[in-house]
Number of protein chains: 2
Amino acid sequence: MAKPERTTREGIIDAASKLFYAEGIRAVSVDAVAEAAGVTKRTLYYHFESKDELIAAYLEGRDQPNLTLFRKWFDAADGDLAAKVEAIFVNLARAARHPKWKGCGFLRTSAELANMPGHPAIRIGAAHKKKFEAWLMQVFSEAGIDDAGELARQMLLLLDGSFAVVLLHRDASYMESAGKAAATLVRVAAVAR
Amino acid sequence: MAKPERTTREGIIDAASKLFYAEGIRAVSVDAVAEAAGVTKRTLYYHFESKDELIAAYLEGRDQPNLTLFRKWFDAADGDLAAKVEAIFVNLARAARHPKWKGCGFLRTSAELANMPGHPAIRIGAAHKKKFEAWLMQVFSEAGIDDAGELARQMLLLLDGSFAVVLLHRDASYMESAGKAAATLVRVAAVAR
DNA sequence: CGATGTATATTCACTAGGCGGTATACATAG
DNA sequence: CTATGTATACCGCCTAGTGAATATACATCG
């Protein structure tokens, strides 16, 4: 029994991820997830206590991959610190031009569940963004920038702003604008120290 | 009876606005809106063809008041251009600290309906943000800033980013960070010209 | 080896209520 | 008498979640 259980559970999470991200949380029924996973609903409820728990599992599964991707983009970029930060936005713009792109799953979930402030999924989303911010702060701090914390917050604002704006207008060029703004702020902060 | 008809319709929109903003679109049933408006569902469906139309009416009703508020905050602020822009964010932070604050209705709706790109409500939201961006561009342009359009886009990104981030973390101080970033970008653009 | 016990994993069939939307009828006003 | 507006009552479908039975895997015991 070492494998089959995890495979079923992971299959359910996979199906839930695709559906929740593509359609939204409340637009997707538990039945739909079960069917997409090739499993009966009762089996789904064997592995997850409730839909809420399934939502949480969906976001938890996206936490690390997302962070890894951002770091990869940053590390792979050439140029100074500002250019490396801007590279994140440029890569994101490329991703956002894919037809299946539907914004940031964490933000969309928090928008949809805004009436349930303590919901586990929202806590997971908040923690995810905090990790990203903390990583940026460390990067800035190591680069000798004075108020690294404040600059990291501003990057996060531009990043999440670009998620929201690009989703609304379906115009990925906003992400490049965000990248330019981010680079400007980094350069100002680097000079000012 | 020239007025009561409009009163009924507006009463429904009022009730819908409060509920949709507080709870989210898909979390609120047509029955709930009708009951909150003190009207039967059949009456509601006499005034609105569908729930989708009701959603659109909700956002349409928020378009002008929102824009007016932003302009008022800008106009009322003292100081240079950067300070006046920053004032928008400071005022927004105050609003966001109110317990009933739940982010930007336009963005939350677009996040929730991301799987229906052509939905009327999304078009209304996009138009609303475009109006705000156009107003900012004109302000910057009149101030003699070179790439006023690009700067306006960056302001929008910070604004919508702060909506998203503050909603997620329930920490309005991010709005003040966004204001600082906005002021920095305005000052850089004003010097660079 | 083979029977049995037990925990895990899965299925079918079901419930009670909510959903968006509607058929029909009635009231009131011009 | 017709147009406008409101109400009661309803429809068919979908919703999250469940009860009871069953299948599989594996360890223990005879």
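So that the names make sense, note that chain A is the first sequence line, chain B the second, and so on, each numbered from 1.
Dashed line: the shortest gap from a side-chain N or O of A/His47 to OP1 or OP2 of C/dT10 is under 4.0 Å. Within the 4.0 Å cut-off from OP1 or OP2 of C/dC12, not a single side-chain nitrogen or oxygen of A/Thr40 is found. Neither OP1 nor OP2 of C/dT10 sits under 4.0 Å from any side-chain N or O of A/Tyr46. When the side-chain nitrogen and oxygen atoms of A/Ser29 are compared with OP1 and OP2 of D/dT15, one or more of them lie within a distance under 4.0 Å. Within the 4.0 Å cut-off from OP1 or OP2 of D/dA7, at least one side-chain nitrogen or oxygen of B/Thr43 is found. Here B/Thr8 reaches the OP1 or OP2 of D/dT6: one of its side-chain N or O atoms lies under 4.0 Å away.
In this structure, CD of B/Glu49 is placed 16 Å from P of C/dG20, rounded to the nearest angstrom. Per the geometry, CZ belonging to A/Arg42 stands 15 Å off P belonging to C/dC14, to the nearest Å. If you measure from atom CZ of A/Phe48 to atom P of C/dT10, you get 11 Å, rounded to the nearest angstrom. One interatomic measurement links the two molecules: OH of B/Tyr45 to P of D/dT8, which rounds to 18 Å at whole-angstrom precision. Here the C1' atom of nucleotide C/dC19 and the CD1 atom of B/Ile25 are 16 Å apart, to the nearest Å.
Applying the salt bridge (charged side-chain N to carboxylate O under 4.0 Å, His left out) test to B/Lys72 and every residue at least two apart in sequence or in another chain returns nothing.
With a 4.5 Å cut-off on side-chain heavy atoms, B/Arg108 and B/Ile25 do not count as touching.
The shortest non-hydrogen separation linking B/Val33 to B/Ala15 is O-CB, 3.9 Å.
At least one donor-acceptor pair closer than 3.5 Å links the side chain of B/Arg153 to the backbone N or O of A/Ser173. Counting only distance, with no hydrogens or angles, the side chain of B/Arg26 and the backbone of B/Glu112 share a donor-acceptor pair below 3.5 Å.
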Contacts table for residues 119-127 of chain B: side-chain donor-acceptor under 3.5 angstrom, sequence neighbours left out:
{"from": "B/His119", "atom 1": "ND1", "to": "B/Ala121", "atom 2": "N", "distance (Å)": "2.9"}
{"from": "B/His119", "atom 1": "NE2", "to": "B/Asp52", "atom 2": "OD1", "distance (Å)": "2.8"}
{"from": "B/Arg123", "atom 1": "NH1", "to": "B/Gly118", "atom 2": "O", "distance (Å)": "3.2"}

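A salt bridge (charged side-chain N to carboxylate O under 4.0 Å, His left out) check over residues 28-37 of chain A, counting only residues at least two apart or in different chains, returns the pairs A/Asp31-A/Lys41.
With B/Tyr21 as the aromatic partner, B/Arg62 meets the cation-pi criteria of under 6.0 angstrom to the ring centre and within 45 degrees of the ring axis.
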Query raised in the report: Dot-bracket for DNA chain D, 5' to 3', with Watson-Crick and G-U pairs under 3.5 Å, [ ] for crossing pairs and | for other-strand pairs: what is it?
Result: ||||||||||||||||||||||||||||||
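Taking the six-membered ring for Trp and thresholds of 30 and 60 degrees, B/Trp135 and B/Phe74 have ring planes more than 60 degrees apart, a perpendicular arrangement.
Taking the charged nitrogens against the carboxylate oxygens, A/Glu176 and A/Arg97 do have a contact shorter than 4.0 Å, which makes a salt bridge.
Non-hydrogen atoms lying under 4.0 Å from DNA chain D are contributed by A/Val30, A/Asp31, all within residues 30-37 of chain A. Taking every heavy atom of residues 12-21 of chain A and every atom of DNA chain C, no pair lies under 4.0 Å.
Which of C/dA23, D/dA20, C/dG21 sits closest to the side chain of B/Lys51 comes down to C/dG21.
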